[in-house]
Amino acid sequence: MAQAPPESVKTADSAKPADAGESADAGDSAGSASAAGPARTAEYGGSADSPGSSGATESSEPAKKPADKPGKGSRSERSPWRSLRYPSMRWWSAANLVSNVGTWMQLTVQNLLVLQITGSAATTGLSLAVQAAPGLLLSLVGGSLVDSWPRKLTASVSQALLGLVAFATAAFVAFGVLTVPLLMVLAAVTGSIATVDNPACSLLGNDLVKRKDVPSAIALGSVVHSAGRLIGTAAAGAAVAWFGMASAYVVNGLSFLAVATVIPFLKLAPEEEREPQTAHERPAPAPAAGRTGRPRRRPATGGGTREGLVYFARNPRLVALAAITGISAIFGRNYQLTLAVLVTGPLAAGAGAFSTVSTVLAVGGMAGAVLAGCLRKPSVRHVAVLAAAGALLQTVAGLSPSLVLLLVLVAPMAVVESVSDTAGTTVLQTEPPSHMRGRVLGVWRSASTGWGLVGPPLLGALMEFAGARGGLIVGGLAIVAVTGAAQLLQRRPVRLPQPAFRRTSAEPATTGAGAVPETEPAAA
């Protein structure tokens, strides 16, 4: 089957939204999480120039730039659109706009198709769970593969495979042979491919720009996603009316191939401009030569999932970021549930009023994405402050006596959430050294899928017990408390493992002082 709604954590963001833990109404976030389809990065690009021409523009930039001075130059460095200065980024953005349009065309008809085939809401939910399962179980393996394989090749192949799945689904729908077992197989295949595609496309998008411009690229991805959603949902109705449901899958397959075609022509930013810059972020140096003058071991090209887990667990900034994002996703980001209950319950308004609230949320999210593009060096502290601010606004919204006051509060809530998501995604995708980023994103996706599955029922139980207002208030206070604790946690010294080294085939194992451990804590 094809996809489900994109990720809230712009893990993301993503060449095609593909996280099984994200909801269809999530903005990318960073991850974020409900049933997913093929991942699309939150960092895009496209241009009026040929992709191959990007080298001249990018290579002409000086290696070192003087400090910004007040004036026009300084303002351009903080422009939310500064990532579009890279020709490859413009091509990537254009390809992903087409890709997002295809995704949302398919998502618009997908649940209707499942209901039409099965007549069962339970089966529809089961198909989404089957597609989500690989994100929970296989993301660590997928991230390890992304660290081991050439990134552009990996992204191209995964996008092409997802396109083939979409074409196959279209054929099954067109010939009327799509059955429930076949539907489950397609869902599982889509989710499995996405465990590699999601981190590969996310990291490839980051590699097109300098590190300081990654926030702009992620914010641009949010805007592209929102635009693709608006165009795709509108185009789906016309396509289905004229050509039938299979047409949405055909368009989506073509959109995957559009991304796969552009990727080989993209030019990456210079490696030194996208590598982590602080001492604790750089990979540990290779071991010194032994008595024979040859290195005792050579660095492992990929590394296993265990190394990614150890790195993540020993980095207090990433652990703090996960705690803040997780508690916010569970108690603070499910506005389609919490605000729907508040509007139709205590405020005694109807579906039209909730539609207005949803519109304000969407507009605020887009405004926040543009504002987030001005960030240059976001940190976990920024994410914590923004999450706490959003939680306090949520608490006040829970006390709102009228719909008008709720609308006044919802707009800044959406802005703060969008900026926080972009800041968190930037930290997640730039904190680890390049050889660990795929595995770190794999750990993150497994965690985000988990809290995406646990969050809605847990929040629903809270609101059943405490009511709509109580759920918003208690949830907001819980976010503030966990955010404060996470801030204390991330101040601990960083102790990260050194990368694993493999023994050369001609060298026997050594013990004692001359042995080089596979991993060992490295003080910050």
Side-chain angles (χ1 to χ4, degrees), residues 1-9 11-23 26 29-40 122-149 154-155 157-159 161-162 165 180-203 302-313 318-319 322-323 325-326 329-330 428 432 436-458:
M1 167 165 120
Q3 315 131 269
E7 225 169 27
S8 69
V9 177
T11 121
D13 186 294
S14 15
K16 277 212 176 201
D19 239 288
E22 307 164 308
S23 78
S29 94
S32 302
S34 145
R40 288 188 169 114
T123 305
T124 303
L126 178 61
S127 70
L128 297 178
V130 169
Q131 191 163 331
L136 183 64
L137 303 175
L138 301 178
S139 288
L140 294 176
V141 176
S144 180
L145 294 176
V146 169
D147 283 337
S148 302
W149 297 342
T154 303
V157 171
S158 63
Q159 286 284 299
L161 290 175
L162 290 171
V165 173
V180 173
L182 185 56
L183 189 69
M184 298 303 173
V185 171
L186 291 170
V189 171
T190 295
S192 300
I193 298 173
T195 61
V196 174
D197 180 78
N198 198 4
C201 288
S202 295
L203 296 175
T305 57
R306 180 181 177 278
E307 189 176 357
L309 284 168
V310 171
Y311 179 92
F312 198 103
L318 293 180
V319 173
T325 305
I330 293 172
L428 175 67
M436 291 293 299
R437 289 175 187 165
R439 280 163 285 179
V440 167
L441 288 185
V443 174
W444 184 270
R445 190 181 179 199
S446 292
S448 63
T449 301
W451 66 57
L453 295 174
V454 169
L458 185 60

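Computed from a predicted model, the values in this text were never measured in an experiment. Throughout, residue positions are numbered sequentially from 1 according to the sequence presented.
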Chemist: Give me the atom names and distance for the closest heavy-atom approach of Q159 to C201.
Modeler: NE2-SG, 3.8 Å
Chemist: How far apart are the closest heavy atoms of R445 and G191, and which atoms are they?
Modeler: NH1-O, 4.5 Å
Chemist: Going from CG on N198 to CG on L441, what distance comes out if it is rounded to the nearest 0.5 angstrom?
Modeler: 7.5 Å
Chemist: So which heavy atom on A200 is nearest to which on T154, and how close?
Modeler: CB-CG2, 3.9 Å
Chemist: To the nearest 0.5 Å, how far apart are OG in S144 and CE in M436?
Modeler: 9.0 Å
Chemist: Give, for atom CG of L138 and atom OG1 of T195, the distance between the pair rounded to the nearest 0.5 Å.
Modeler: 5.5 Å
Chemist: Is the W444 ring parallel, tilted or perpendicular to the W451 ring (thresholds 30°, 60°)?
Modeler: perpendicular
Chemist: Does any N or O in the side chain of R437 come within less than 3.5 Å of the main-chain N or O of P432, such that one atom is a donor and the other an acceptor?
Modeler: yes
Chemist: Can you measure from CG (L140) to CZ (R306) and round to the nearest 0.5 angstrom?
Modeler: 13.0 Å
Chemist: Does the side chain of Y311 reach to within under 4.5 Å of the side chain of L318, using non-hydrogen atoms?
Modeler: yes
Chemist: What residues, two or more places apart in sequence or in another chain, satisfy side-chain hydrogen bond (donor to acceptor under 3.5 Å, both in side chains) together with S158?
Modeler: D197
Chemist: If I compare all heavy atoms of D147 with all of G438, which pair ends up nearest, and what's the gap?
Modeler: OD1-N, 2.8 Å
Chemist: With a 4.5 Å cut-off on side-chain heavy atoms, are T325 and S448 touching?
Modeler: no
Chemist: Of all the heavy-atom pairs spanning V146 and P199, show the shortest one and how long it is.
Modeler: CG2-CG, 3.8 Å
